[in-house]
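Let me begin by presenting the structure, written as structure tokens, before commenting on it.
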Amino acid sequence: MSIGDHNADGEPDLLWRSGSSGNLYVCYGIADSGGGSTIASLSTAAGSLTGVDTTYAIGWTETAKPTLHFYGTPDVTGDGIPDIWALNSDGSVDVYTGGSASIGTTAKVISANATWFTKLALG
């Protein structure tokens with residue numbers, strides 16, 4: 001879903017959703033010699049900085065947040081942590097502030113409108 005520095009340690013982390021539980025998880029990266037995170041630290045929970053995939057948010061099922069319509073983005077709120085834009089099942093769009101260990105607050109940026117399901121594009 002997104003790669004960005006969620007815990008402000010200067011290394012990229014991986015944020016992803018489990019299709020079976022609907023939870024968002026963050027896997028904290030470990031620095032490599034090239035200025036990024038090692039592939040091993042982002043590819044398995046055991047290889048990550050904390051040794052586990054940390055639960056970042058719950059309730060992000062495919063019904064509540066349609067699969068193709070939520071995106072991790074660079075920081076848009078000015079706190080230095082990547083944020084998440086999400087299309088809800090009612091057609092509204094929310095932006096969630098990122099957090100170092102869990103998702104932050106949400107703000108509705110577009111009210112419910114079913115046409116957004118076919119027209120939304122984020123990048």
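Positions are given from 1 along the sequence.
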Any side-chain donor paired with an acceptor under 3.5 Å for Thr77 and Asp75? yes

In the structure I gave you, are the side-chain heavy atoms of [X] and [Y] within less than 4.5 Å of one another anywhere?
X      : Y     : value
Tyr28  : Leu42 : no
Ile3   : Asp13 : no
Ser100 : His6  : no
Leu24  : Ile84 : yes
Thr106 : Val95 : no

Apply side-chain contact (heavy atoms from CB on, under 4.5 Å) to the pair Asp32 and Ile39, showing each step before the final yes or no. CA-CA 9 Å; Asp32 68 9; Ile39 295 298; over 6 Å; no

Minimum heavy-atom distance between [X] and [Y], given as atom pair plus value:
X      : Y     : value
Pro82  : Gly4  : CG-CA, 3.8 Å
Lys108 : Ser92 : NZ-OG, 3.1 Å
Glu11  : Gly29 : CB-O, 4.0 Å

Treat each ILVMFWY residue as a node, draw an edge where side-chain heavy atoms are under 4.5 Å apart, and state whether Val26 and Ile81 are in one component. no

Would you say Tyr56 and Tyr96 are hydrophobically clustered, going by side-chain heavy atoms of ILVMFWY under 4.5 Å? yes

Can the ring centroids of Trp60 and Tyr25 be said to lie less than 6.0 angstrom from one another?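 That pair fails the under 6.0 Å test.
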
Is the backbone of [Y] close enough, under 3.5 Å, to the side chain of [X] for a donor and an acceptor to pair up by distance?
X     : Y     : result
Ser41 : Gly47 : no
Asp53 : Cys27 : no
Asn23 : Thr55 : no

How many angstroms lie between CD1 in Ile103 and CD1 in Ile58, if you round to the nearest 0.5 Å? 11.0 Å

Please walk me through it: do Val93 and Trp85 pass side-chain contact (heavy atoms from CB on, under 4.5 Å)? CA-CA 7 Å; Val93 177; Trp85 292 76; 4.0 Å; yes

